[in-house]
Novice: 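Before anything else, here's the structure in question.
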Amino acid sequence: MQLHNGVIGGSSLCEPEDTGVKRTSFEKAECPVARSLDAIGDWWSLLIIRDALMGISRFSEFQKSLGLARNILTVRLRALVEHGILKTAPASDGSAYQQYLLTPKGRGVFPVLVALRQWSEEFAFAPGACATLLVDRDKGQPVRKLELHARDGRLLGVGDTELRPNPAAKRHQRRSA
């Protein structure tokens with residue numbers, strides 16, 4: 001799954017960890033949203049994944065694209081590898097460098113980035129002001145807005161959903177104990 005350069009968007013941002021403040025880990029949180037944030041929830045990690053989806057694979061390319069300090073980029077890349085989102089491999093050109101490649105887990109972030117992009121296009125830009133469009137590579141047509149559908153095909157909104165206990169999780173907990 002490859003994207004044309006610039007389709008997801010970009011930014012240079014700072015975060016609390018850059019000032020020495022420790023982040024809270026959500027690794028063991030019961031909430032799936034919190035657990036995902038533990039792996040991909042900081043700005044730089046999402047932008048690194050965005051760039052990897054666009055074909056960037058070398059440290060120097062990430063640094064040039066993001067304008068990120070080497071030490072911060074090193075920490076983020078290491079964390080993404082540890083979470084199984086990226087993997088390292090020898091550079092494809094046979095040089096002594098290594099490259100960072102998305103794993104299936106990393107490619108699974110694509111719909112999340114598309115949803116963030118579409119939300120931003122709707123609420124953070126004036127209509128038509130976003131400099132790029134996400135399009136279907138074969139047809140050249142803009143990608144339809146992501147939607148949530150019930151199993152029977154009905155369009156769902158926030159008022160149409162609720163959280164319920166997962167019986168399979170209880171069986172899993174008993175087996176793990």
Side-chain angles (χ1 to χ4, degrees), residues 1-13 15 31-68 73 76-77 79-95 97-163 166:
M1 187 173 322
Q2 214 176 27
L3 298 177
H4 182 271
N5 284 338
V7 296
I8 301 289
S11 176
S12 291
L13 304 170
E15 64 181 278
C31 174
V33 174
R35 280 199 189 188
S36 69
L37 291 174
D38 198 62
I40 61 170
D42 68 77
W43 298 321
W44 293 121
S45 294
L46 284 173
L47 295 174
I48 290 167
I49 296 166
R50 175 209 60 193
D51 282 0
L53 285 164
M54 293 188 300
I56 290 176
S57 62
R58 287 199 174 175
F59 186 96
S60 61
E61 295 171 326
F62 287 115
Q63 190 175 27
K64 182 178 178 184
S65 171
L66 298 169
L68 189 54
L73 180 57
R76 294 306 184 284
L77 287 169
L80 290 169
V81 169
E82 288 171 2
H83 282 286
I85 293 164
L86 294 174
K87 65 181 179 180
T88 58
S92 58
D93 64 5
S95 67
Y97 296 103
Q98 69 177 4
Q99 58 186 6
Y100 294 90
L101 304 173
L102 288 162
T103 63
K105 184 176 180 180
R107 287 187 298 279
V109 180
F110 177 68
V112 175
L113 289 176
V114 170
L116 285 170
R117 178 192 168 90
Q118 290 178 343
W119 177 86
S120 182
E121 287 174 309
E122 184 174 349
F123 297 109
F125 286 88
C130 189
T132 59
L133 293 173
L134 182 60
V135 299
D136 174 328
R137 184 183 299 276
D138 289 340
K139 305 289 183 187
Q141 295 296 311
V143 172
R144 239 176 53 187
K145 186 173 179 182
L146 294 178
E147 299 175 328
L148 182 64
H149 292 270
R151 287 184 187 254
D152 65 8
R154 290 175 297 117
L155 183 62
L156 298 174
V158 68
D160 301 316
T161 64
E162 65 184 7
L163 295 175
N166 181 355

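Just so it is clear, the structure is predicted and the values come from calculations on it, not from any experiment.
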Novice: How far does CZ of Arg154 sit from CG of Leu148, to the nearest 0.5 angstrom?
Specialist: 10.5 Å

Novice: Over all heavy atoms of both residues, which pair between Gln118 and Arg144 is shortest? Give the atoms and the distance, please.
Specialist: NE2-O, 3.2 Å

Novice: So which atom in His83 and which in Lys105 form the shortest heavy-atom distance, rounded to 0.1 Å?
Specialist: O-NZ, 2.6 Å

Novice: Taking atom CG of Leu155 as the centre, does the number of heavy atoms from other residues, nucleotides or ligands within less than 6.0 Å exceed 12?
Specialist: yes

Novice: Which pair of heavy atoms, one from Arg76 and one from Ser45, lies closest together, and at what distance?
Specialist: CD-OG, 3.6 Å

Novice: Provide the closest heavy-atom pair for Pro111 versus Leu146 in the form atom of the first, atom of the second, distance.
Specialist: O-CD1, 3.5 Å

Novice: Within this structure, what is the CZ-CD1 distance for the pair Phe59 and Ile48, rounded to the nearest 0.5 Å?
Specialist: 9.0 Å

Novice: In Å, rounded to the nearest 0.5 Å, how long is the span from CG of Asp51 to CG of Leu66?
Specialist: 4.5 Å

Novice: Please report the shortest heavy-atom distance between Arg58 and Gln98, naming the atom on each side.
Specialist: CG-O, 4.3 Å

Novice: Please report the interatomic distance CG(Leu113) to CG(Leu47), rounded to the nearest 0.5 Å.
Specialist: 8.5 Å

Novice: Rounded at 0.5 Å granularity, tell me how far OG in Ser57 sits from CG in Leu86.
Specialist: 10.5 Å

Novice: Do the side chain of Thr88 and the main chain of Tyr100 share a donor and acceptor less than 3.5 angstrom apart?
Specialist: no

Novice: Out of curiosity, Ile49 CD1 to Ile85 CD1, how far, rounded to the nearest 0.5 Å?
Specialist: 5.0 Å

Novice: How close do Arg107 and Leu102 get, counting heavy atoms only, and between which atoms?
Specialist: NH1-O, 2.8 Å

Novice: Side chain of Ser36, backbone of Val33: donor and acceptor closer than 3.5 Å?
Specialist: yes

